[in-house]
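Contents: one structure, followed by commentary.
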Amino acid sequence: LKAGTHPDHLQDQGEHIFTYSLLPHGGDFVEGDVVREAFALNEPMQVVKGRSRLSYNSFLTFDNDQVELDAVKKSEDGKYIAVRFHEFAGSRQTVTVKPGFAWKAWTECDLRERPSGRVTEEEIREAMEAVDPELLEIMKKAMINIREYHQMQVQHSWFDSRPDGTILGQKVTALESVGVYVPGGKAAYPSSVLMNIIPAEVAGVKRIVMVTPPEKDGKVNPVTLTAAYLAGATEVYKVGGAQAVAALAFGTESIPRVNKIVGPGNIFVALAKKAVYGHVSIDSIAGPSEILVLADETANPRFVAADLLSQAEHDELASAILVTTSRELAEKVSQQVERFMEQLSRKEILEKSLENFGYILVAGSMEEAIDTANAIASEHLEIVTRNPFEVMTKIQNAGAIFIGEYSSEPLGDYFAGPNHVLPTNGTAKFFSPLGVDDFIKKSSIIYYSKEALEPVHKDIIAFAQAEHLTAHANSIRVRFQEDV
């Protein structure tokens, strides 16, 4: 098969596997070169091996960074597909492929079958079987706690009927559809899957769509997929990155749009969520993880050091801060941090995190320490003092508050029940943790009978006229005029 080959020159090669790619110099195709991915009129041809380089809406991707797709056309009789592309250097090539041949060569599938990227029931069963039974039971226990906590957040519609015929109220309605973004890669975070999906399910959302990038074998991490199934996801699609956010916000042929997008991601996912806000709702733009420990001389320095490092290990930008009234405790915690660092696996990340955003602050009084904590407004706040509940009453700004030395932050991450999706970057001053409220909307209910409206209608007319909105005033006035 050569660049620019006329379709009449193509011959069906039967079941023999041929794969091709564009040579860096723009020359002829040679048997054995690999085309990484091909699409025929938006119908994916899955490839034997390799990876995709171009964006998700490309028709053809080559194993050559100097190639860019130009056009794809189908002949009138539907027998051939012409793919035109050009190298960045400027030369153009055209390859015409007989669909039947191309499809058989790469996948031996029917060209009319269009993979949608949606996870199948068979894939879910395979994932469930692949998960460690012990981990499965742990996730089920955590789910019970998470669901019970969020069920306490459920709001109900209410109505207030008055003797004069007035009925006022509030109608609470679950969102129709929600998209949940879940990061892919080597690490799996089933706890984030549970924390994002369960509140939506408790709220009554009918369509919960999870999107996540697949692994190299084209499958979703089995732990992630199992968590999604258990939590109540109704659809799962194998797509990630900014393009997954765009698909959820605007819809595609295979992924209908949703009303809201939640879930963490890298900087590209975060910026994509910010870009589509207004077309859909989003939860928040999440920043690096944060912990602040508020402690006095009664705190255990080993516990405090361990808790600070539990958040510092997330990434180099994570923040770990101790605010204490005890200089002795500050020195002991610093020593314990150094000891733990030698034992923990993510030492390099821990060192950079503490170097960038690790602090031990000594306050002159508990009031000063509390004021400092409120000013920082940390994502996670641990209170380890002689009277932690008394201190808690003075805290105004924190995403989640952990009280006492046995309420360490990882307890909230995985098991306690409250949501671990929390405001960061000081936004705890005006944002709240993810919860059932994020998946509902409220409508005001107003009913006035004629008898209820009549005593106040002149007041409304006067108010409207004061704002020079005569049509508003007229809308009330006509109800008490003789028919003209």
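Since we're looking at a predicted model, the values are computed, not measured.
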### Task
Step by step, work out the side-chain contact (heavy atoms from CB on, under 4.5 Å) result for Phe159 and Ser157.
CA-CA 7 Å; Phe159 300 90; Ser157 301; 4.3 Å; yes
### Task
Check the pair Asn259 / Ser177 against side chain to side chain donor-acceptor pair (under 3.5 Å), numbers first and verdict last.
CA-CA 5 Å; Asn259 299 129; Ser177 57; 3.3 Å; yes
#### Entry: Full working for side chain to side chain donor-acceptor pair (under 3.5 Å) between Asn221 and Glu215
CA-CA 7 Å; Asn221 183 290; Glu215 298 179 341; 3.2 Å; yes
### Task
Applying side-chain contact (heavy atoms from CB on, under 4.5 Å), run through Glu122 and Arg125 and close with a yes or a no.
CA-CA 5 Å; Glu122 181 179 354; Arg125 285 194 296 270; 3.8 Å; yes
### Query
Does the pair Val239 and Ile255 meet the rule for a side-chain contact (heavy atoms from CB on, under 4.5 Å), with working shown?
CA-CA 10 Å; Val239 58; Ile255 306 178; 4.1 Å; yes
### Message
For a side chain to side chain donor-acceptor pair (under 3.5 Å) check, start with the C-alpha distance between Asp296 and Thr298, then their side-chain angles and the critical distance, and finish with the verdict.
### Response
CA-CA 5 Å; Asp296 61 15; Thr298 65; 2.5 Å; yes
### Task
Determine, stepwise, if the pair Gln155 / Asp437 fulfils side chain to side chain donor-acceptor pair (under 3.5 Å).
CA-CA 8 Å; Gln155 297 190 45; Asp437 280 359; 2.8 Å; yes
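In this structure, Ile291 CD1 and Ser310 OG are separated by 4.5 Å, a value rounded to the nearest 0.5 Å. Rounded to the nearest 0.5 angstrom, Ser353 OG and Leu309 CG are separated by 8.5 Å. Rounding to the nearest 0.5 angstrom, the gap separating the CD atom in Gln153 from the NE2 atom in His150 is 5.0 Å. Atom OG1 of Thr325 is separated from atom CG of Leu294 by 8.0 Å, given to the nearest 0.5 angstrom. Taking CD1 of Ile349 as the start and CG of Leu344 as the end, the distance is 11.5 Å to the nearest 0.5 Å. With rounding to the nearest 0.5 Å, the separation of CG in Leu317 from CG in Asn356 is 6.5 Å.
More than 12 heavy-atom neighbours from other residues, nucleotides or ligands sit within 6.0 angstrom of NZ on Lys429. Atom CZ of Phe415 sits in a crowded spot, with more than 12 heavy atoms from other residues, nucleotides or ligands closer than 6.0 Å. More than 12 non-hydrogen atoms from other residues, nucleotides or ligands lie less than 6.0 angstrom from NE2 of His314. Within a 6.0 Å radius of CZ in Phe250, other residues, nucleotides and ligands contribute more than 12 heavy atoms. Summarising the local packing, CD of Gln151 is surrounded by more than 12 heavy atoms from other residues, nucleotides or ligands at distances under 6.0 Å. Within a 6.0 Å radius of CZ in Arg147, more than 12 heavy atoms belonging to other residues, nucleotides or ligands are found.
The closest donor-acceptor contact from the side chain of Gln336 to the backbone of Pro301 lies at 3.5 Å or more, if one exists at all. Remark: side-chain polar atoms of Thr226 are paired, donor with acceptor, to backbone N or O of Pro222 under 3.5 angstrom. With Thr372 contributing its side chain and Glu368 its backbone, the two residues share a donor-acceptor pair below 3.5 Å. The closest donor-acceptor contact from the side chain of Ser289 to the backbone of Gln311 lies at 3.5 Å or more, if one exists at all. Using modelled atom types, one side-chain atom of Tyr181 and one backbone atom of Gly241 make a donor-acceptor pair closer than 3.5 Å. In this structure, Glu382 contributes its side chain and Val293 its backbone to no donor-acceptor pair below 3.5 Å. Remark: the backbone N or O of Ser254 is paired with a side-chain donor or acceptor of Tyr237 at under 3.5 angstrom. Looking at Ser378, its side chain never comes within 3.5 Å of a backbone N or O of Leu381 through a donor-acceptor pair. Using modelled atom types, one side-chain atom of Asp438 and one backbone atom of Gly435 make a donor-acceptor pair closer than 3.5 Å. For Asp132 (side chain) and Glu134 (main-chain N/O), a donor-acceptor pair under 3.5 Å exists by modelled atom type.
For the pair Glu328 and Lys332, the salt-bridge criterion is met [side-chain N within less than 4.0 Å of a carboxylate O]. Between Arg207 and Glu235 there is a salt bridge, since at least one side-chain N of the basic residue sits less than 4.0 Å from a carboxylate O of the acidic one. A salt bridge links Lys347 with Glu342: the closest approach of a Lys/Arg side-chain nitrogen to an acidic carboxylate oxygen falls below 4.0 angstrom.
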Can you list, pair by pair, the side-chain donor-acceptor contacts under 3.5 Å of residues 388-399, counting residues two or more places apart and other chains?
{"residue": "Thr393", "atom": "OG1", "partner": "Glu390", "partner atom": "O", "Å": "2.6"}
{"residue": "Asn397", "atom": "ND2", "partner": "Asn374", "partner atom": "O", "Å": "2.9"}

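Residues Asn425 and Pro288 have side chains in contact (heavy-atom distance under 4.5 Å, counting atoms from C-beta outward). A heavy-atom distance below 4.5 Å is found between the side chains of Arg386 and Glu297. Considering only heavy atoms from C-beta on, Leu230 comes within 4.5 Å of Met143 through its side chain. Put simply, the side chain of Arg302 reaches to within 4.5 Å of the side chain of Phe340, judged on heavy atoms. The closest side-chain heavy-atom distance from Val280 to Lys260 is not below 4.5 Å. Within the 4.5 Å cutoff, the side chain of Glu348 has heavy atoms near those of the Lys352 side chain. Looking only at side-chain heavy atoms (C-beta outward), Asn419 and Leu422 stay at 4.5 Å or farther from each other. Between Val178 and Phe439, the closest side-chain pair of non-hydrogen atoms falls below 4.5 Å.
Ring pair His380/Phe402 is tilted by interplanar angle, where 30° to 60° counts as tilted.
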